[in-house]
Amino acid sequence: MESQILEHKNNFLSALKGVSDNAALEALRVEYLGKKGYVSAMMQSLRGLSGEEKKAAGQLINTLKNELDTAIRAFSENLERAKLDKLVASAREYDVSLPGSGSYGSLHPVTLVQREVEEIFVSMGFSVEEYPELTDDFNCFEALNIPAHHPARDMQDTYYLSNGQLLKTHTSAAQNAIMRKYGAPLRAIFPGRCFRNESIDACHENTFFQMEGIMIDEDISISNLIYFMKTMLSEVFQRDIKVRLRPGFFPFVEPGFELDISCLICNGEGCPSCKDSGWLELCPCGMIHPRVLEMGGIDTARYTGFAFGLGLTRLAMMRYGIKDIRDFNSGNLKVLSQFKS
Ligand code: DAH
């Protein structure tokens, strides 16, 4: 019996060396450990033996069974590991840092409008600035002359973090840092993502994009503001755009305005899109409040400036006729992939 066991073991081990996949391994397992396999046949052959002999031989067969079982498990794990190694090695063959050979995907409509507007303002001498999405109470409110009781500070509107920071609710949050960085004279735009705790529907999102602009110099007046906005909008929409200012209140500008543009659908005649008024509300703006300039370290005896907060998401909706604001963040490729750069 002992020699038979040894023979089976050696045969098994040499057969195992030739195994290269799971199917072959399973076939070998059945051949040796299956119901009709060698091990079970040896067990059956013990029937004729006496008690002591049977016990001793049975133990030897059981040991063989355990050895084969362990060897099969270890081999199966090795096969899986080799498969993984092969996958990893093939992934390494791709150099992800190389430039692509074609153009894949498309730019997001907000990115397209943002780049377009940036280009126009850059051509008018503005620099494009970046500002983080996380900021604090001082930059988002205090430095903008927004008092502590202002509704914008309400927990309902602003996402506060447990460390005292907050997600910026408007791109105006960058004004102070940019004034301090460059001083006057200054022309800058700063696009960015903003967050407000809004209930979401076709016109409201909790995550949206704005582009803030400020111009500070000697003798800056509202007519400079109107000129720059009109030029930019006529470029974006590729036609002459009429603008009008209505009074609007924002603590960081004085006077403050709502800038409307002539309706793009009816050209100011009046239609359902503009509620028959001929005008669309586009961009709040105004002359920067002297307190805001002061907090930004600007000499208010010498300089004045204007600021505007362009709703980039809203502009993209108008530019591309997108009716539902939720399409922007949905990741819905049916909508988004229509916009090719
Ligand atoms: N930050 C304001 C908001 O998101 C918009 C705004 C109003 C920006 C007037 C301005 C401005 O620069 O002058 O509600």
Side-chain angles (χ1 to χ4, degrees), residues 110 114 117 121 126 128-129 131-133 135-147 150-154 156-159 166-179 186-198 203-217 220-230 232-233 243-261 280-296 298 303-317 325:
V110 171
Q114 179 182 324
V117 177
F121 273 102
F126 284 71
V128 183
E129 303 295 327
Y131 188 75
E133 288 170 351
T135 185
D136 54 23
D137 190 87
F138 175 78
N139 283 287
C140 202
F141 303 125
E142 199 77 46
L144 290 163
N145 199 28
I146 299 177
H150 195 280
R153 293 194 177 200
D154 198 315
Q156 303 303 317
D157 282 85
T158 305
Y159 290 111
L166 51 90
L167 293 178
K168 73 172 189 273
T169 57
H170 53 177
T171 42
S172 309
Q175 283 196 15
N176 187 270
I178 287 167
M179 285 180 205
L186 168 62
R187 289 182 194 200
I189 51 169
F190 22 111
R193 188 155 63 155
C194 306
F195 308 86
R196 276 182 214 174
N197 196 356
E198 298 264 5
C203 309
H204 299 90
E205 246 293 2
N206 55 20
T207 305
F208 52 94
F209 290 82
Q210 290 187 337
M211 181 184 284
E212 191 88 359
I214 49 177
M215 178 170 180
I216 300 170
D217 210 330
I220 293 294
S221 70
I222 298 166
S223 51
N224 297 100
L225 169 66
I226 296 174
Y227 168 80
F228 280 104
M229 296 313 285
K230 210 168 137 63
M232 185 274 292
L233 293 167
V243 300
R244 77 170 184 191
L245 295 180
R246 283 180 294 114
F249 175 70
F250 305 94
F252 38 96
V253 280
E254 179 56 40
F257 306 103
E258 291 286 356
L259 184 142
D260 298 339
I261 61 170
L280 295 172
E281 194 175 310
L282 184 74
C283 171
C285 53
M287 299 302 294
I288 304 174
H289 196 290
R291 273 187 57 73
V292 174
L293 288 174
E294 255 167 39
M295 280 188 274
I298 307 285
Y303 294 107
T304 49
F306 68 73
F308 62 85
L310 188 62
L312 270 188
T313 304
R314 195 167 148 68
L315 190 61
M317 288 175 88
I325 196 169

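Just so you know, ligand 1 is whichever comes first in the structure, and atom 1 is the first atom listed for that ligand. Quick caveat, the model's predicted, so the values are computed rather than measured.
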Subject >> Contact with ligand 1 for Phe252, non-hydrogen, under 4.0 angstrom >> reply: yes

Original post:
Of the backbone atoms (N, CA, C, O) and the side-chain heavy atoms from C-beta on, which set of Arg196 has a member under 4.0 Å from an atom of ligand 1: side chain, backbone, both, or neither?
Top reply: side chain

Original post:
Hey, is CZ on Phe138 packed in by over 12 heavy atoms from elsewhere, all under 6.0 Å?
Top reply: yes

Original post:
When you look for heavy atoms under 4.0 Å from ligand 1, do you find them on the side chain of Ala307, its backbone, both, or neither?
Top reply: both

Subject >> Set of salt bridge (Lys or Arg N to Asp or Glu O under 4.0 Å) partners for Arg193, sequence neighbours left out >> reply: Glu133

**OP:** Please could you name the atoms of ligand 1 that Gly286 approaches to less than 4.0 Å, counting only its heavy atoms?
**Re:** 13 (O)

Original post:
To the nearest 0.5 Å, how far apart are CZ in Arg246 and CD in Glu281?
Top reply: 5.0 Å

Subject >> Protein contact to atom 5 (C) of ligand 1 [nearest heavy atom, distance to 0.1 Å] >> reply: Pro284 CG, 3.5 Å

Subject >> Plane angle bin for Phe252 and His170 - parallel if under 30°, tilted between 30 and 60°, otherwise perpendicular >> reply: perpendicular

Original post:
Mind checking whether Gly256 has a heavy atom under 4.0 Å from ligand 1?
Top reply: no

Original post:
For atom 12 (O) of ligand 1, which candidate among His170, Glu212, Gln210 holds the nearest heavy atom?
Top reply: Glu212

Subject >> Gly309: numbered ligand 1 atoms lying under 4.0 Å from its heavy atoms >> reply: 8 (C), 10 (C), 12 (O)

Original post:
Looking at Phe126 versus Phe228, is the centre-to-centre ring distance below 6.0 Å?
Top reply: yes

Subject >> Pairwise distance CD1(Ile298) to CD1(Ile214) - rounded to 0.5 angstrom >> reply: 7.5 Å

**OP:** Measure the OG1-CD distance between Thr169 and Gln210 for me, rounded to the nearest 0.5 Å.
**Re:** 8.0 Å

Original post:
What are the atoms of ligand 1, with element, lying closer than 4.0 Å to any heavy atom of Ser172?
Top reply: 1 (N), 8 (C)

